[in-house]
Amino acid sequence: MTKVPFLDLKSINAQYRAELVEACARVIDSGWYISGGELEQFEQDFATYCGSKCCIGVANGLDALVLVLRAWLELGKLSPGDEVIVPANTYIASILAISANGLTPILVEPDEKSYNLCPLKVEQAITGRTRAILPVHLYGQISDMPAILAIADAHGLLVLEDCAQAHGASIDGRKAGNWGHASGFSFYPGKNLGALGDAGAITTNDDELADTLKALRNYGSHEKYKNLFKGMNSRLDEMQAAMLGVKLKHLDRETQQRRSIAALYDQSIVNSNITLPYGAVAGAIENEAHVYHLYVIRTQKRDALQKHLHECGVQSLIHYPIPPHKQQAYSELSGERYPLTEAIHREVLSLPMSPVLNETDVNRVIAACNSFRP
């Protein structure tokens with residue numbers, strides 16, 4: 001039986017093979033492979049796409065978050081030990097960025113319907129040492145940024161968006177990456193805007209922050225052999241910038257494909273054992289708010305459902321099986337209790353989702369879900 005793949009990256013990139021090969025040849029023939037014209041062009045284009053003033057290309061999505069927090073430390077906007085509020089149910093990278101800078105992650109339970117930060121719980125978690133909020137736009141759905149910004153403004157807090165899964169998601173036309181004081185993006189190959197290797201970027205409207213970040217990503221140097229900061233090597237190379245420049249042109253069309261598939265799932269999966277995704281903004285799904293990086297369902301019978309889908313030839317994945325506070329890396333948090341987060345990590349399952357998923361395969365996924373009887 002031919003399987004319905006969870007994500008067919010080869011077919012996604014095959015759509016643009018001629019353009020990608022042309023871009024690759026252009027980089028090879030240029031003789032310039034780091035910090036050149038391809039990077040500059042992509043940074044301009046992606047900043048424009050997000051509606052932000054500046055874009056700074058970096059090596060990957062984790063570095064994007066690490067570097068923003070480090071820049072705020074260098075600029076005196078944060079101090080070691082300061083608290084940063086972050087969702088308890090996020091991928092561990094969001095929390096790694098905080099602890100990597102000597103800051104204190106404060107894990108907060110999400111909204112039960114959207115799985116994103118709950119503004120009420122954020123407000124409750126603020127203490128005298130809170131200095132920043134790190135909302136994660138999980139699964140492709142933008143967080144309730146108007147409410148989060150209102151809280152941040154009232155308490156004088158910085159906001160760093162984790163946009164690794166939400167390229168193009170927006171509220172009232174304002175895209176992810178243009179809400180917080182800064183935002184981090186991942187262009188890992190499986191993302192909605194994916195490179196052909198590791199890549200990432202930061203967007204911001206703060207010129208001082210952007211200048212600091214440009215130095216920090218390049219050994220702390222604005223000028224060769226003159227180092228202002230103890231920086232790192234985290235540069236988005238010319239080849240990946242060129243690949244991303246090609247794929248950015250097609251991102252909105254691919255997003256519409258994802259939304260169309262999600263709409264079919266929404267309308268056609270009818271099984272009392274399965275809970276479908278729900279929109280966070282204004283209590284309902286808004287067309288622009290979700291870009292469906294993942295289509296995540298919940299069921300108390302996850303192992304049985306995943307086995308059933310496998311037997312039906314449908315590949316599914318779990319995002320994510322172990323919450324960060326239960327990871328060995330954060331053993332100091334193992335005694336903490338986050339019951340909703342633990343239930344989410346125990347029950348979520350991601351169905352196939354990609355812009356090249358055809359109607360036959362979508363219908364196979366739907367039929368497999370509807371035929372599940374635990």
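These numbers come from a predicted model, not from an experiment.
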> Does any donor atom in the side chain of Glu109 or Thr341 lie under 3.5 Å from an acceptor atom in the other side chain?
Replying inline: yes
> Where is the tightest heavy-atom contact between Asn178 and Ser183, given as atom of each residue plus distance?
Replying inline: N-OG, 4.3 Å
>> For His137 versus Ala176, what's the shortest heavy-atom pair and its separation?
In response: CD2-CB, 3.8 Å
>> With ring-ring contact (aromatic ring centres under 6.0 Å, His included) as the criterion, how do Phe185 and Phe46 come out once you've worked through the C-alpha distance, each side chain's angles and the decisive distance to 0.1 Å?
In response: CA-CA 11 Å; Phe185 286 86; Phe46 194 65; 4.9 Å; yes
> Do Ser99 and Tyr330 meet the criterion of a side-chain donor-acceptor pair at a distance under 3.5 Å?
Replying inline: yes
> Do you know the tightest heavy-atom contact between Leu244 and Ala195?
Replying inline: CD2-N, 3.7 Å
> With distance as the sole test, does Asp63 use its side chain to make a donor-acceptor pair with the main-chain N or O of Val58 at under 3.5 Å?
Replying inline: no
> Okay, side chain of Trp179, backbone of Ala182: is any donor-acceptor separation there less than 3.5 Å?
Replying inline: no
> Is the backbone of Gly36 close enough, under 3.5 Å, to the side chain of Glu238 for a donor and an acceptor to pair up by distance?
Replying inline: yes
> Counting only N and O atoms by type, is there a donor-acceptor contact under 3.5 Å from the side chain of Thr90 to the main-chain atoms of Pro87?
Replying inline: no
> Is there a donor in the side chain of His308 and an acceptor in the side chain of Ser371, or the other way round, less than 3.5 Å apart?
Replying inline: yes
> Judged by atom type as modelled, is there a donor-acceptor pair below 3.5 Å linking the side chain of Arg131 to the main-chain atoms of Glu83?
Replying inline: no
> Do the side-chain N and O atoms of Tyr338 and Asn89 include a donor-acceptor pair separated by under 3.5 angstrom?
Replying inline: no
> Between Arg259 and Gln256, does any side-chain donor sit less than 3.5 Å from a side-chain acceptor?
Replying inline: yes
> Ignoring hydrogens and geometry, is there a side-chain-to-backbone donor-acceptor pair from Asn101 to Leu103 under 3.5 Å?
Replying inline: no
> Donor-acceptor pair, Glu161 side chain versus Gly177 backbone, under 3.5 Å?
Replying inline: yes
> Any side-chain donor paired with an acceptor under 3.5 Å for His293 and Asn192?
Replying inline: yes
>> I want to check a possible cation-pi pair here: Lys301 against Phe372, using under 6.0 Å from ring centre and within 45° of the ring axis as the test.
In response: no
>> Would a single hydrophobic cluster contain both Leu20 and Leu193, if residues Ile, Leu, Val, Met, Phe, Trp and Tyr are joined by side-chain heavy-atom contacts under 4.5 Å?
In response: no
> Thinking salt bridges, do Glu288 and Lys175 make one under a 4.0 Å N-O criterion?
Replying inline: no
